[in-house]
*Asks:* 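First the structure, which I've put down as structure tokens, then a few questions once you've had a look.
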Amino acid sequence: MASPCGAVLRRHAAVAVLRAAAAAGDLSKGKALHARLITCAHFDIVLHNNLISFYAKCGQVGLARKVFDAMPFRNAVSGNLLMSGYASSGRHKDSLALLRFFDFVLNEYVLSAAVAASAHVRSYDVGRQCHGYAVKAGIAEQPYVQNAVLHMYCQCAHMEDAVKVFDNISGFDAFAFNSMVNGFLDRGQLDGSVRIVGGMIGEVENWDEVSYVAVLGHCASMKDLVLGGQVHAQALKRRLELNVFVGSALVDMYGKCDRARDAQYVFDVLPEKNVVSWTAVMTAYTQNELYEDALQLFLDMEMEGVPANEFTYAVVLNSCAGLAALRNGNALGACALKTGHWTHLVVGNALMNMYSKSGSIEDAWRVFVSMPLCDVVSWNLIITGYAHHGLAREAMEAFHCMLSAGEVPSYVTFIGVLSACAQLGLVDEGFYYLNTMMKEVGVTPGKEHYTCMVGLLCRAGRLDEAEQFIVNNCIGTDVVAWRSLLSSCQVYRNYGLGHRVAEQILQLKPNDIGTYVLLSNMYAKVNRWDGVVKVRKQMRERGVRKEPGVSWTQVGSVVHVFTSEDKVHPQMDQITVKLEELIDQIKAIGYVPNFAVVLHDIEDEQKEEHLMYHSEKLALAFSLIHTPKGETIRLLDDCKKYFEQMRTMYKLKLTFTHYWCMANLYGSVGLPEEAEGLLRSVPEDLKSRALGGLLGLCRFRGEWGTGEQIALRSFGGESKGPSMQIQYFNGLLNDRLILGNSEKEKTDDEESETRNKKSEYTDEQSKPYEACLAFC
DNA sequence: CTAGGGTTAG
């Protein structure tokens with residue numbers, strides 16, 4: 001029997017049950033009650049609102065909406081409940097769309113929800129309108145509204161507006177400070193975040209855990225390990241280091257400050273690890289070049305049953321990129337496809353990066369065209385990827401596509417574009433991009449761009465202009481720019497300028513081996529042996545040594561890394577036996593042992609050992625033991641890394657020898673496509689000689705057909721006629737060794753050394769591998 | 001019957 005009093009009682013009971021069901025997440029209990037209420041209850045706004053609240057908390061925002069739509073009268077509470085329902089299921093757009101249907105006055109609750117939704121969808125316009133409404137309604141000063149507005153301006157990248165709101169707040173409010181720090185960090189405005197963090201330091205006792213995360217993010221961006229350590233100490237004091245958010249932020253901070261071990265320690269003590277903390281520690285490893293450890297952690301994570309997300313895939317793919325581990329990268333790409341993460345922007349970008357760094361620009365392109373959406377990073381990857389691979393025309397074409405797609409080029413874009421211009425010798429275009437277009441899009445040229453321009457001028461043989469350019473643009477203290485000029489001086493045999501440049505560089509006291517090699521070579525060319533002595537002396541003083549060689553290969557799913565004189569590999573005995581066997585075999589067919597070219601003298605008795613323990617040889621012997629007959633062995637080492645650095649980062653003018661060695665290395669480890677691709681990028685003036693390297697390889701392997709094809713293709717449409725090409729190829733067949741035709745082929749390193757000592761050093765290090773492959 | 005900010009990628 002329904003009486004008014006009974007109805008009220010029942011309504012109170014129903015509200016209590018709904019709240020309990022919502023707290024327990026018990027959808028069916030609440031639904032059953034709803035069904036009963038429809039038949040017998042007296043419905044008012046409060047009961048309706050409770051139903052909305054219940055459905056929203058159970059994640060059934062669609063049902064909550066049905067209740068809302070069916071209400072005869074609604075109030076601000078109904079609106080707010082529905083909006084927060086949409087917010088918690090991430091449907092911020094739908095939440096904003098509701099505003100048009102609200103037939104009641106918006107209060108501070110609804111407005112802060114609306115402003116928060118605008119922040120989520122990054123809609124400055126809607127957010128500002130809401131702010132205006134709040135000002136008119138006189139509730140803009142309410143703390144919740146004010147903070148939501150402040151956060152909205154930060155998210156929508158209008159820091160000027162945010163600062164205005166921020167300045168209006170009196171006293172210390174953790175929320176406001178946190179939003180400001182994160183806003184500045186997202187925009188990369190470190191000066192701004194320094195100011196805000198400065199204001200927070202005296203208020204540590206008022207920080208909440210989000211403050212720790214924000215300030216740690218600031219330390220990570222600034223690489224401020226001193227402040228970071230202090231924040232860590234404060235977190236320990238308040239037992240916050242075990243909080244998964246704070247812990248992950250600490251891991252990230254240590255990783256970005258180059259402290260991988262500290263990052264690992266923080267991670268290890270975390271009692272609850274989620275996918276973010278796992279990914280953060282993997283990132284720390286990757287950024288500190290501990291790629292194998294990062295990949296191992298990925299497996300550990302899988303073992304723990306924590307599913308990877310798109311960021312995880314991005315990180316492990318970057319580890320693969322660092323290792324040039326094409327097979328792992330491919331497999332991880334397949335996993336990402338299977339788990340549905342492939343379509344994420346970050347995964348696509350990481351895949352492109354991996355393929356590009358592993359030498360397969362075609363695959364990078366395939367990923368690029370199949371990505372559902374791309375951003376400026378994707379375009380940069382494809383442009384710089386093409387430029388890296390010596391495909392400057394394709395790089396320029398991609399750049400023009402980018403412009404017509406309406407994407408705004410960034411700092412990185414112009415590095416790729418200018419280096420492509422340098423490869424193509426497009427001086428005027430280069431200056432147009434530097435002086436006109438970069439201004440138009442608001443990118444301030446940096447050292448990298450100026451260095452590209454130096455390379456461009458050098459490439460065009462305008463060495464004096466290049467020198468002037470260095471001086472005019474105040475990059476005279478940059479060793480890289482001078483190095484670029486110095487190597488060009490050698491190419492163009494301008495030893496007068498070269499000598500001057502060498503003196504300049506010497507004054508800068510560089511600390512990398514490559515520069516000293518160039519310098520000593522330069523002095524040797526002009527017969528200034530006093531200069532060579534000076535270079536050696538400075539090198540010793542600065543403690544510059546040749547870096548130990550590292551090579552790696554993949555057998556099954558494991559990447560094995562070898563260093564020179566490696567003695568720790570568990571299968572070292574087998575490897576040594578195999579290696580001795582191989583060396584005996586190739587000695588029998590006329591191989592004369594060569595020695596690694598180093599700048600330091602090797603004692604006679606150590607020579608044989610150096611030969612034996614050279615890292616590439618170890619990796620090769622290992623691969624041969626473990627790889628089925630006929631399968632391709634992929635062996636990569638620092639040569640590739642150094643080569644790419646010389647070519648792209650330092651913008652060095654490479655000599656024929658560099659290309660030859662690299663192509664030969666690729667060929668000898670079973671990557672003839674890479675060798676061919678590389679040789680296609682050889683500058684015109686060096687082409688015929690570099691081509692000889694690849695043809696020689698074909699000859700060595702008895703691949704006549706391939707050799708002929710390469711000869712035809714590489715010369716096709718260019719200066720020489722077909723018959724000449726074949727003749728050239730055939731002519732090479734008669735030489736026992738390709739390098740036999742010139743004494744200039746010695747590596748730049750040691751030319752002076754060889755001249756003095758008439759020693760047995762040559763650059764034919766790759767030859768034994770060819771022989772090995774011919775045998776096995 | 002109602003509310004805010006955070007960690008991982010290039």
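Throughout, a chain's letter reflects where its sequence line sits, starting with A, and its residues are numbered from 1.
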*Asks:* Base of B:dC1, side chain of A:Asn50 - is there a donor-acceptor contact under 3.5 Å?
*Replies:*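 Between B:dC1 and A:Asn50, which were checked side chain against base, a qualifying N/O pair under 3.5 Å is absent.
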*Asks:* Measuring to OP1 and OP2 of B:dT2, would you say a side-chain N or O of A:Asn107 lies under 4.0 angstrom away?
*Replies:* no
*Asks:* Among B:dC1, B:dG6, B:dA9, find the nucleotide with the atom closest to the side chain of A:Thr283.
*Replies:*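 Looking only at side-chain atoms, A:Thr283 lies closest to B:dA9.
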*Asks:* Remember a base hit wins even if backbone is also touched, and classify A:Gln146 as base, sugar-phosphate or nothing at under 4.0 Å, heavy atoms.
*Replies:*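 No contact.
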*Asks:* Students often get this wrong, so: under 4.0 angstrom with heavy atoms, is A:His341 touching a base, only sugar-phosphate, or nothing?
*Replies:* nothing
*Asks:* Would you mind classifying the nucleic acid contact of A:Asp375 as base, sugar-phosphate or nothing, using non-hydrogen atoms under 4.0 angstrom?
*Replies:* base
*Asks:* Kindly say whether, by distance alone, the side chain of A:Asp208 makes a donor-acceptor pair under 3.5 Å with the base of B:dG5?
*Replies:*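 Donor-acceptor pair under 3.5 Å: yes.
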*Asks:* Roughly, in whole Å, what's the span from CG in A:Asn243 to P in B:dG5?
*Replies:* 16 Å
*Asks:* Are A:Arg65 and A:Phe101 in a cation-pi contact, defined as NZ or CZ under 6.0 Å from the six-membered ring centre and within 45° of the axis?
*Replies:*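 Geometry flag: set, cation within 6.0 Å and 45°.
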*Asks:* What is the distance, rounded to the nearest whole Å, between atom CD1 of A:Ile45 and atom P of B:dT2?
*Replies:*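 Result: 15 Å.
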*Asks:* Indicate whether OP1 or OP2 belonging to B:dG6 is found under 4.0 Å from a side-chain N or O atom of A:His218.
*Replies:* no
*Asks:* Of the options B:dA3, B:dA9, B:dG5, whose atoms approach the side-chain atoms of A:Val315 most closely?
*Replies:*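 Selected nucleotide: B:dA9.
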*Asks:* Send over the distance from A:His92 NE2 to B:dG5 C1', rounded to a whole Å.
*Replies:*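 Going from A:His92 (NE2) to B:dG5 (C1'), I get 13 Å.
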*Asks:* Would you kindly give the CG-to-C1' distance between A:Asn349 and B:dT8, to the nearest whole Å?
*Replies:* 15 Å
*Asks:* What does A:Lys273 touch in the nucleic acid at a heavy-atom separation under 4.0 angstrom: a base, only the sugar-phosphate, or nothing?
*Replies:* nothing
*Asks:* If only side-chain N and O atoms count, and only distance matters, is there a donor-acceptor pair under 3.5 Å linking A:Gln264 with A:Tyr285?
*Replies:*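 Looking only at side-chain atoms, A:Gln264 and A:Tyr285 do form a donor-acceptor pair, the distance falling under 3.5 Å.
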*Asks:* Which part of the nucleic acid does A:Asn178 contact within heavy-atom distance under 4.0 Å: base, sugar-phosphate only, or nothing?
*Replies:* base
*Asks:* Does one side chain, of A:Gln234 or A:Tyr212, offer a donor that lies under 3.5 Å from an acceptor on the other?
*Replies:* no
*Asks:* Which pair of non-hydrogen atoms, one from A:Cys257 and one from A:Cys219, has the smallest distance, and what is that distance?
*Replies:*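 Shortest heavy-atom separation between A:Cys257 and A:Cys219 comes out as SG-O, 4.2 Å.
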*Asks:* Please report the distance, rounded to the nearest Å, between NZ in A:Lys256 and C1' in B:dG10.
*Replies:*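 Going from A:Lys256 (NZ) to B:dG10 (C1'), I get 11 Å.
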*Asks:* Go through B:dT7, B:dT2, B:dG4 for me and flag the one nearest to the A:Val276 side chain.
*Replies:*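 Closest nucleotide among those given: B:dT7.
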*Asks:* Considering every strand and a 4.0 Å limit on heavy-atom distances, what is the contact class for A:Glu310: base, sugar-phosphate, or nothing?
*Replies:* nothing
*Asks:* From C-beta outward on A:Val46, which listed nucleotide comes closest to its side chain: B:dA9, B:dC1, B:dG5?
*Replies:* B:dC1
*Asks:* Answer with base, sugar-phosphate or nothing: what part of the nucleic acid does A:Ala76 contact at a heavy-atom distance below 4.0 Å?
*Replies:*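 Counting heavy atoms under 4.0 Å across all strands, no contact is made by A:Ala76.
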*Asks:* Please identify which of these residues, A:Thr283, A:Asn353, A:Thr286, meets the side chain to side chain donor-acceptor pair (under 3.5 Å) condition with A:Asn318.
*Replies:* A:Asn353
*Asks:* Of the candidate nucleotides B:dT7, B:dC1, B:dA9, which contains the atom at the shortest distance from the side chain of A:Val213?
*Replies:*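 Among B:dT7, B:dC1, B:dA9, the one nearest the side chain of A:Val213 is B:dT7.
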*Asks:* Could you tell me whether the side chain of A:Asn380 has a donor or acceptor atom within less than 3.5 Å of a complementary atom in the base of B:dG10?
*Replies:* no
*Asks:* Measure from CZ on A:Phe102 to C1' on B:dT2 and round the result to the nearest Å.
*Replies:*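 Rounded to the whole Å, the gap is 12 Å.
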*Asks:* Can you tell whether the side chains of A:Arg366 and A:Asp363 come within less than 4.0 Å, N to carboxylate O?
*Replies:*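 Yes, A:Arg366 and A:Asp363 are salt-bridged.
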*Asks:* Can you measure A:Leu150 atom CG to B:dG4 atom P for me and round it to whole angstrom units?
*Replies:*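 Interatomic distance, CG of A:Leu150 to P of B:dG4: 16 Å.
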*Asks:* Let me know the distance between CG of A:Asn182 and P of B:dG5, rounded to the nearest Å.
*Replies:* 11 Å
